[in-house]
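Working notes, structure below.
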Amino acid sequence: MKKKVMVHRDGTMASLGRDHHYDLMFCWRLKQGIKKNVDLHRLWQYVRYFWFNHLREHLSEEENLLFGRIHDELSTRGYQEHNQIRRQIRKIFYQQQREKEAYLKLIDLLMAHIHYEEDVLFPHLENILPAQFLAEVSHPIADLHQQSVHDDYADVFW
């Protein structure tokens, strides 16, 4: 099995990478809830909380500040994966899916996307975007990340 090497990042991508830590914790918590047979309505409430307090803004931030600058296959895949995540969340929210599979699919989509960004897309963007642009965009990203994500969700079901 290939050992995963963590990449150290400064500036622009570092803030987004820190967000991915919270996204992975979100996935872990959902998995724990499913494993413990927590009522799916409680998971639904947590997905809503995390979406409106973190994930929705995180996806938009990546798209607006980074993906929109480059129109290539890798960035297009990033957009497409964001849209898949949004569609799955809408299914959970609005169709009120009460099946474990809906949550498991969201976990799979989000985890696969995070690994894609960390392993492929972010290094690609760091290599092709001008250093001056990355320096300029790091300020708005840093401003948006002045405070770390506070996942202070009250129902600790995990």
Side-chain angles (χ1 to χ4, degrees), residues 1-68 74-126 140-158:
M1 185 165 126
K2 185 177 175 184
K3 185 176 180 179
K4 183 151 176 87
V5 177
M6 294 302 294
V7 176
H8 174 72
R9 292 200 165 88
D10 292 318
T12 308
M13 304 302 178
S15 294
L16 297 171
R18 280 190 293 277
D19 278 0
H20 289 162
H21 166 76
Y22 296 104
D23 300 340
L24 292 170
M25 285 301 300
F26 166 75
C27 292
W28 178 83
R29 290 171 177 171
L30 287 178
K31 280 184 185 180
Q32 290 300 109
I34 291 167
K35 188 175 173 181
K36 293 179 177 186
N37 287 318
V38 169
D39 180 66
L40 293 181
H41 183 70
R42 290 171 70 189
L43 298 184
W44 179 82
Q45 290 174 315
Y46 183 54
V47 170
R48 286 185 57 83
Y49 167 84
F50 196 79
W51 174 252
F52 289 112
N53 288 284
H54 170 68
L55 189 56
R56 177 178 62 168
E57 182 177 325
H58 172 80
L59 299 181
S60 293
E61 185 178 319
E62 288 179 342
E63 292 168 357
N64 295 331
L65 296 175
L66 293 172
F67 297 178
L74 298 179
S75 294
T76 298
R77 177 176 165 187
Y79 270 123
Q80 290 169 342
E81 289 182 4
H82 280 192
N83 287 331
Q84 289 176 321
I85 292 164
R86 285 185 181 102
R87 278 192 302 274
Q88 188 61 26
I89 286 175
R90 276 194 302 273
K91 286 179 184 177
I92 290 170
F93 286 179
Y94 303 115
Q95 296 174 8
Q96 300 270 328
Q97 288 195 3
R98 302 288 189 233
E99 300 167 3
K100 289 179 187 179
E101 291 74 22
Y103 297 92
L104 292 171
K105 183 173 182 181
L106 175 60
I107 292 165
D108 289 344
L109 287 170
L110 188 53
M111 289 182 69
H113 176 67
I114 290 166
H115 292 299
Y116 170 69
E117 284 187 345
E118 291 288 331
D119 298 342
V120 179
L121 185 56
F122 285 2
H124 169 69
L125 293 174
E126 287 172 319
I141 290 175
D143 290 345
L144 290 168
H145 293 90
Q146 284 285 335
Q147 298 176 5
S148 61
V149 174
H150 293 329
D151 189 357
D152 55 357
Y153 190 66
D155 182 8
V156 183
F157 58 81
W158 51 89

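Note: Tyr153 and Tyr49 have tilted aromatic rings, judged against thresholds of 30 and 60 degrees for the angle between ring planes. The aromatic rings of Phe67 and Tyr79 stand perpendicular to each other, their planes meeting at an angle above 60°, with 30° marking the opposite boundary.
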message: I'd like to know whether His20 forms a ring pair (Phe, Tyr, Trp, His ring centres under 6.0 Å) with Phe122, so could you lay out the CA-CA distance, the side-chain angles of the two residues, the decisive distance to 0.1 Å, and finally the verdict.
response: CA-CA 12 Å; His20 289 162; Phe122 285 2; 5.6 Å; yes
- request: Go through Tyr116 and Arg77 one step at a time and tell me if the side chain to side chain contact (heavy atoms under 4.5 Å, CB included) criterion holds.
  value: CA-CA 9 Å; Tyr116 170 69; Arg77 177 176 165 187; 3.3 Å; yes
message: Between Asn37 and Lys100, is the side chain to side chain contact (heavy atoms under 4.5 Å, CB included) condition met? List the steps.
response: CA-CA 9 Å; Asn37 287 318; Lys100 289 179 187 179; 2.7 Å; yes
message: Before you tell me yes or no, could you show the steps for Glu117 and Glu81 under side chain to side chain contact (heavy atoms under 4.5 Å, CB included), namely the whole-Å CA-CA distance, both residues' side-chain angles and the distance that decides it to 0.1 Å?
response: CA-CA 10 Å; Glu117 284 187 345; Glu81 289 182 4; 5.9 Å; no
- request: Please report the C-alpha distance between Trp51 and Arg86 in whole Å, then the side-chain angles of each, then the deciding distance to 0.1 Å, and finally whether the side chain to side chain contact (heavy atoms under 4.5 Å, CB included) criterion is met.
  value: CA-CA 9 Å; Trp51 174 252; Arg86 285 185 181 102; 3.8 Å; yes
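Smallest separation of non-hydrogen atoms from His113 and Gly78: CE1-O, 3.8 Å. Nearest heavy atoms, Ala102 versus Gln88: O-NE2, 2.9 Å.
Glu57 has its side chain out of reach of Glu62: every pair of non-hydrogen atoms, C-beta onward, lies at least 4.5 Å apart. Using a 4.5 Å heavy-atom threshold, the side chains of Ser75 and Leu125 count as touching.
For the atom pair NZ (Lys35) and CH2 (Trp158), the distance works out to 15.5 Å, reported to the nearest 0.5 Å. If you take CG on Leu110 and CG on Leu59, they are separated by 8.0 Å, rounding to the nearest 0.5 Å. Here the straight-line distance linking atom CG of Leu30 with atom CH2 of Trp44 works out to 14.0 Å at 0.5 Å rounding. Note that CG of Asn53 is 13.5 Å distant from OH of Tyr22, once rounded to the nearest 0.5 Å. If you take CD1 on Ile107 and CG on Asp23, they are separated by 12.5 Å, rounding to the nearest 0.5 Å. To the nearest 0.5 Å, atoms CD (Gln84) and NE2 (His82) are separated by 10.5 Å.
A ring pair (Phe, Tyr, Trp, His ring centres under 6.0 Å) with Tyr46 is found for one member of Phe52, Tyr103, Phe26 and no other, namely Phe26.
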